[in-house]
Amino acid sequence: MLDINLIRNNPEIVRSDLEKRGDKEKLLWIDEILELDREWRKLKSKTDELRHRRNKVALEIGILKKEGKDASEKIKEAAEIPKEIEKLEEEMKSKREKIDYYLKRLPNILHESVPVGEENVPVKFVGEKPEFDFELKSHIDLVESLNIGDFERAAKISGSRFFFLKGKLTVLDLALQYYAMEFMLRRGYKPIYPPYMMNRKAYEGVTDLRDFEDVMYKIEDEDLYLIATSEHPLTAMYMNEILNPDDLPIKYCGISACFRKEAGTHGRETKGLFRVHQFNKIEQIVICEPEESWKYHEELLKNAMDLFESLKLHFRVVNICTGDIGTVAAKKYDIEVWMPVQREYREVVSCSNCTDYQARRLNIKYRTKEGNKFVHTLNSTCIATTRALVAILENFQTPDGSITVPEVLRKYTGFKKIEKEK
RNA sequence: GCCGGGGUUGCCGAGACUGGAAAGGCGCGAGCCUGGAGAGCUCGUUCUCGAAAGAGAUCAAGGGUUCAAAUCCCUUCCCCGGCGCCA
């Protein structure tokens with residue numbers, strides 16, 4: 001959420017940001033917000049005046065009664081005021097609701113380095129594109145031929161985009177999680193398990209409202225939603241708190257399953273592990289003072305890059321453009337791993353600096369000499385196991401159809417190779 | 001799920017029965033004092049509107065009663081204790 005004061009005092013900043021995004025609809029909102037805000041403030045000073053009078057009279061009644069004098073005149077006067085207040089309050093409420101509607105939907109102010117347009121800009125390439133002298137199998141074919149997973153039966157009981165992992169592939173998934181957790185632990189990030197469900201109020205603080213409908217699974221008859229990523233509970237956990245600056249930065253390594261509806265992607269990649277309704281993810285979270293957030297944004301990216309480099313996967317980093325960035329992040333990097341079967345770079349990591357956008361919605365502040373200020377929140381994938389598994393299966397396959405386990409994971413799997421299982 | 005006790009400002013904590021200006025302490029900040037430090041004293045320490053003076057809001061959340069609610073009534077959430085159920 002944006003600061004209403006920013007729109008009041010520097011509407012041109014907000015306008016030029018929306019122009020950069022090419023969002024003509026929301027551009028029109030600014031004047032409307034300013035007008036509603038003017039009206040709201042007028043009503044506020046009127047109602048405050050009425051309240052002031054009511055409070056004064058009520059106090060006088062108290063004094064008269066204490067002295068044993070007749071207060072019926074004053075009581076009659078005071079009884080009239082609440083009706084007037086109520087009328088004005090209704091008007092104020094409707095203005096406020098309209099302002100909030102717009103405010104909640106206005107996107108964050110972008111960092112100046114965000115590329116304008118529909119093209120993400122590659123900023124870094126790591127490793128070499130691998131060459132293969134045999135015919136490659138897709139990860140789906142590999143899973144099925146090695147009997148290390150089952151898509152058909154998962155579809156039978158749960159629907160498409162669900163999966164069973166079996167045997168050594170299950171072990172590999174857990175090995176990735178443990179390896180990533182330990183990797184982050186060594187870099188000073190505290191491992192943490194969040195609740196897998198969260199209520200609506202907390203959810204609205206962390207996510208884009210349109211995503212909310214397309215992505216979230218709702219629990220029937222409960223005010224609860226399955227988390228789409230541990231970023232959400234781990235950021236929302238400090239809702240309505242004022243943090244001690246000595247406790248900052250907070251660095252977490254979230255470990256959880258993630259649940260996503262993937263509405264609006266019918267027909268695209270309905271089978272396999274790439275786009276699924278449920279997967280495991282190790283996430284990086286930083287909550288820090290505003291002055292430090294750009295430093296930590298680079299740190300989060302570095303952590304994820306180092307991890308993928310240690311797995312010996314070839315990837316590139318892209319700076320996400322205005323057309324793709326969404327409403328919450330001020331700047332976002334993706335890591336895209338080379339998938340040799342599709343001959344494409346595909347997203348495996350998303351690394352965002354949300355600046356004070358989530359903090360303002362969630363009301364998370366920290367104490368400073370100049371008063372309480374909003375913190376900055378950042379998040380990045382460390383590893384989402386299913387997409388990493390796709391990359392590993394396709395990049396580490398051998399001519400005989402087996403899979404070589406990446407060196408760094410062997411200590412956790414206890415085996416070097418995945419061959420056809422019974 | 002049932003019974004009982006709770007939720008007050010950054011933290012602790014009084015006020016509730018009997019409605020009438022959110023006590024006191026700690027922490028933090030500014031100032032006075034000091035050769036310096038400490039102690040002591042004074043002021044400040046949430047949000048909103050306002051150029052300011054000032055005003056309003058705020059006692060878990062929401063509603064009700066009342067001229068007036070932290071205080072009385074209702075609903076919901078959360079915490080603690082006991083009982084029940086349970087991997």
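Proteins come first, then strands; the chains are lettered A, B, ... in the order of their sequence lines, and each starts at number 1. All values below come from the heavy atoms of this structure, side chains included, with hydrogens, waters and symmetry mates left out.
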Discussion item. Looking at A:Thr207 and A:Tyr203, would you say the former's side chain and the latter's main chain have a donor-acceptor pair under 3.5 Å?
Written reply: no
Worksheet item: For atom C1', what is the distance between B:rA68 and B:rA57, given to the nearest Å?
Response: 16 Å
Discussion item. Just N and O in the side chain of A:Arg54: are any of them under 4.0 Å from OP1 or OP2 of B:rA68?
Written reply: no
Fill in: Interatomic distance at C1', B:rA37 relative to B:rC33, whole Å
12 Å
Practice prompt. Round to the nearest Å and state the distance from A:Lys56 atom NZ to B:rA68 atom C1'.
Written response: 16 Å
Discussion item. For B:rA57 and A:Asn55 - does any side-chain N or O of the residue sit under 4.0 Å from the phosphate oxygens OP1/OP2?
Written reply: yes
Worksheet item: Rounded to whole angstroms, how far apart are CD1 on A:Ile81 and P on B:rA68?
Response: 9 Å
Discussion item. Under 4.0 Å, heavy atoms only, any strand: does A:Ala78 hit a base, just the sugar-phosphate, or nothing?
Written reply: sugar-phosphate
Discussion item. Judged by each residue's nearest nucleotide on RNA chain B, which is more toward the 5′ side, A:Ala79 or A:Asp37?
Written reply: A:Asp37
Discussion item. Check this for me, if you would: do A:Glu89 and A:Arg51 make a salt bridge, where the nitrogen-to-carboxylate-oxygen distance has to be below 4.0 angstrom?
Written reply: yes
Discussion item. Nearest to the side chain of A:Lys44, heavy atoms from C-beta on, is which of B:rG29, B:rG10, B:rU48?
Written reply: B:rU48
Worksheet entry | Pairwise C1' distance, B:rA21 and B:rC11 [rounded to whole Å] | 25 Å
Practice prompt. Provide the distance between the two P atoms, one in B:rA23 and one in B:rC79, to the nearest whole Å.
Written response: 30 Å
Item to complete: Sticking with atom P, work out how far B:rG4 lies from B:rG56, rounded to a whole angstrom.
Response: 40 Å
Worksheet item: What is the distance, rounded to the nearest whole Å, between atom CG of A:Asn363 and atom P of B:rU9?
Response: 14 Å
Fill in: Separation of B:rA68 P from A:Ile63 CD1 (nearest whole Å)
17 Å
Discussion item. Give me the distance, rounded to whole Å, that separates B:rA14 from B:rC3 when you measure between the C1' atoms they each carry.
Written reply: 29 Å
Worksheet item: Rounded to whole angstroms, how far apart are CD1 on A:Ile61 and C1' on B:rG20?
Response: 10 Å
Item to complete: Find out whether A:Tyr179 and A:Val408 are in side-chain contact, i.e. whether some heavy atom of one side chain is under 4.5 Å from a heavy atom of the other.
Response: yes
Worksheet entry | Who pairs with B:rA60 - Watson-Crick or G-U, where each distance is under 3.5 Å | B:rU76
Item to complete: Determine which nucleotide pairs with B:rU65, using a 3.5 Å limit on both distances of a Watson-Crick or G-U wobble pair.
Response: none
Item to complete: Can you tell me, in whole Å, how much space there is between the C1' of B:rG31 and that of B:rG25?
Response: 22 Å
Worksheet item: Between A:Glu144 and A:Lys271, is there a side-chain N and carboxylate O pair less than 4.0 Å apart?
Response: yes
Practice prompt. Look at A:His52 and B:rG56 and indicate whether a side-chain polar atom (N or O) is within less than 4.0 Å of OP1 or OP2.
Written response: yes
Worksheet item: Tell me: CG of A:Asp246 to P of B:rG27, nearest whole Å?
Response: 15 Å
Item to complete: Kindly point out which of B:rC67, B:rU48, B:rG56 is positioned nearest to the side chain of A:Arg51?
Response: B:rG56
Item to complete: Write down the distance separating the C1' atoms in B:rG50 and B:rA60, rounded off to the nearest Å.
Response: 31 Å
Discussion item. Less than 4.5 Å apart, side chain to side chain, heavy atoms only: is that true for A:Glu262 and A:Arg161?
Written reply: yes
Worksheet item: Paired with B:rG36: which nucleotide, if any, by Watson-Crick or G-U wobble criteria at under 3.5 Å for both distances?
Response: none
Item to complete: Can you figure out which of B:rG56, B:rG10, B:rG20 approaches the side chain of A:Ala58 most closely?
Response: B:rG20
Item to complete: Please find out if less than 6.0 Å separates the ring center of A:Tyr225 from that of A:His232.
Response: no
Worksheet item: Charged N to carboxylate O below 4.0 Å: is that the case for A:Lys20 and A:Asp17?
Response: no
Worksheet item: For B:rC47, does either OP1 or OP2 sit under 4.0 Å from a side-chain N or O belonging to A:Lys365?
Response: yes
Practice prompt. Using both distances under 3.5 Å as the test, list the Watson-Crick or G-U wobble partner of B:rA22, or none.
Written response: none
Item to complete: Would you mind classifying the nucleic acid contact of A:Arg8 as base, sugar-phosphate or nothing, using non-hydrogen atoms under 4.0 angstrom?
Response: sugar-phosphate
Item to complete: Answer yes or no: does a side-chain N or O of A:Arg200 lie under 4.0 Å from OP1 or OP2 of B:rC77?
Response: no
Discussion item. Using whole Å, what does the distance between atom P of nucleotide B:rG19 and atom NZ of A:Lys65 come to?
Written reply: 11 Å
Discussion item. By the 4.0 Å heavy-atom rule, please label A:Lys74 as base, sugar-phosphate, or nothing.
Written reply: nothing
Response to the item:
Using Watson-Crick geometry (N1-N3 plus N6-O4 or O6-N4) or G-U wobble (N1-O2, O6-N3), each under 3.5 Å, B:rG81 is paired with B:rC3
Worksheet item: Name the one of A:Thr229, A:Thr385, A:Thr386 that satisfies side chain to side chain donor-acceptor pair (under 3.5 Å) with A:Lys281?
Response: A:Thr229
Fill in: Watson-Crick or G-U wobble mate for B:rU48, both contacts under 3.5 Å
B:rA55
Item to complete: May I have the distance from A:Met239 (atom CE) to B:rC77 (atom C1'), rounded to whole angstrom?
Response: 11 Å
Worksheet item: If you check every side-chain atom of A:Pro82, which of B:rG50, B:rA68, B:rA55 has the closest atom?
Response: B:rA68
Fill in: RNA chain B: 5'-proximal contact among A:Thr47 and A:Gly371 (nearest heavy atom)
A:Gly371
Worksheet, complete the sentence: In Watson-Crick or G-U wobble terms, with both distances under 3.5 Å, the base opposite B:rU42 is B:rA30
Item to complete: Any strand is fair game: report the nucleotide pairing with B:rA16 by Watson-Crick or G-U wobble, both distances under 3.5 Å, or none.
Response: none
